[in-house]
Amino acid sequence: MTITYEWRGDFDNTALNALHAAGFGYQTLDVDWLARVRRHSLGWVCARYDGDLVGFVNVAWDGGVHAFILDTVVALGHRHSGIGAGLVAEAARQARTAKCEWLHVDFEDDLRSFYFDACGFKPTTAGLIAL
């Protein structure tokens, strides 16, 4: 299985909305992802298998040295094959190229092993306010 990763790759909003709905377990929405990431993100990574979008991660940033991993998702039939770690690795490489010094992520507890073991993140103290 050959997976390609593309930084700031073009994608179809319908395909990304379907990927998100399946990956996060909600109904398909009509989000203009392309407009959103172009406006708010340092970049994003698309993973493709035979031209189909099978993974995605958004890299938001503060315009300086902090970048943030958001919305990491891999198609259900392609999980546990290294695609998610590949998405994050490319996101980290591109954030480093953009002179970011920190790459942040927050996640639910069941993803702890993925982010710490597979992707190399380190535990840190953080805070959160639910709004």
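Excluded from the calculations below are hydrogen atoms, water molecules and symmetry mates; all remaining heavy atoms, backbone and side chain alike, are included.
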Could you tell me the separation between the CG atom of Leu87 and the CZ atom of Phe56, rounded to the nearest 0.5 Å?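 Output value for this atom pair is 9.5 Å.
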Once rounded to the nearest 0.5 Å, what's the spacing between atom CG of Asp71 and atom CZ of Arg36?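 So the gap between those two atoms works out to 7.5 Å.
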Shared ILVMFWY cluster between [X] and [Y], side chains joined below 4.5 angstrom?
{"X": "Ile69", "Y": "Ile83", "result": "yes"}
{"X": "Val73", "Y": "Val54", "result": "no"}
{"X": "Leu53", "Y": "Ile3", "result": "no"}

Under the side chain to side chain donor-acceptor pair (under 3.5 Å) definition, can you give me all pairs with a residue in residues 41-55, not counting sequence neighbours?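 Of all non-adjacent pairs touching residues 41-55, those that pass side chain to side chain donor-acceptor pair (under 3.5 Å) are Ser41-Asn58.
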Report all side-chain donor-acceptor pairs from residues 8-25 shorter than 3.5 Å, counting only partners two or more places apart or in another chain.
unit_1, atom_1, unit_2, atom_2, d
Arg8, NH1, Leu42, O, 2.7
Asp12, OD2, Thr14, N, 3.1
Asp12, OD2, Ala15, N, 3.0
Asn13, OD1, Trp33, N, 2.8
Asn13, OD1, Leu34, N, 3.0
Asn13, ND2, Asp32, OD1, 3.0
Asn17, OD1, Val31, N, 3.3
Asn17, OD1, Trp33, NE1, 3.1
Asn17, ND2, Asn13, O, 3.0
Asn17, ND2, Leu29, O, 3.4
Asn17, ND2, Val31, O, 3.0

Could you pull out every donor-acceptor pair under 3.5 Å between side chains of residues 88-108 and any protein atom, sequence neighbours left out?
unit_1, atom_1, unit_2, atom_2, d
Glu90, OE1, Arg93, NE, 3.1
Glu90, OE2, Arg93, NH2, 2.9
Glu90, OE2, Gln94, NE2, 2.8
Thr97, OG1, Arg93, O, 3.0
His104, NE2, His66, ND1, 2.6

Please name the pair of heavy atoms, one in Leu70 and one in Val57, separated by the smallest distance, quoted to 0.1 Å.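 Minimum heavy-atom contact is O-CG2, 3.6 Å.
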Other residues, nucleotides and ligands only: do more than 12 of their heavy atoms fall within 6.0 Å of CG on Asp110?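 Counting neighbours around CG of Asp110, more than 12 heavy atoms of other residues, nucleotides or ligands fall under 6.0 Å, so yes.
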Less than 3.5 Å apart, which donor and acceptor atoms pair up between the side chains of residues 111-131 and the rest of the protein, not counting sequence neighbours?
unit_1, atom_1, unit_2, atom_2, d
Ser113, OG, Asp117, OD2, 2.9
Tyr115, OH, Thr72, OG1, 3.0

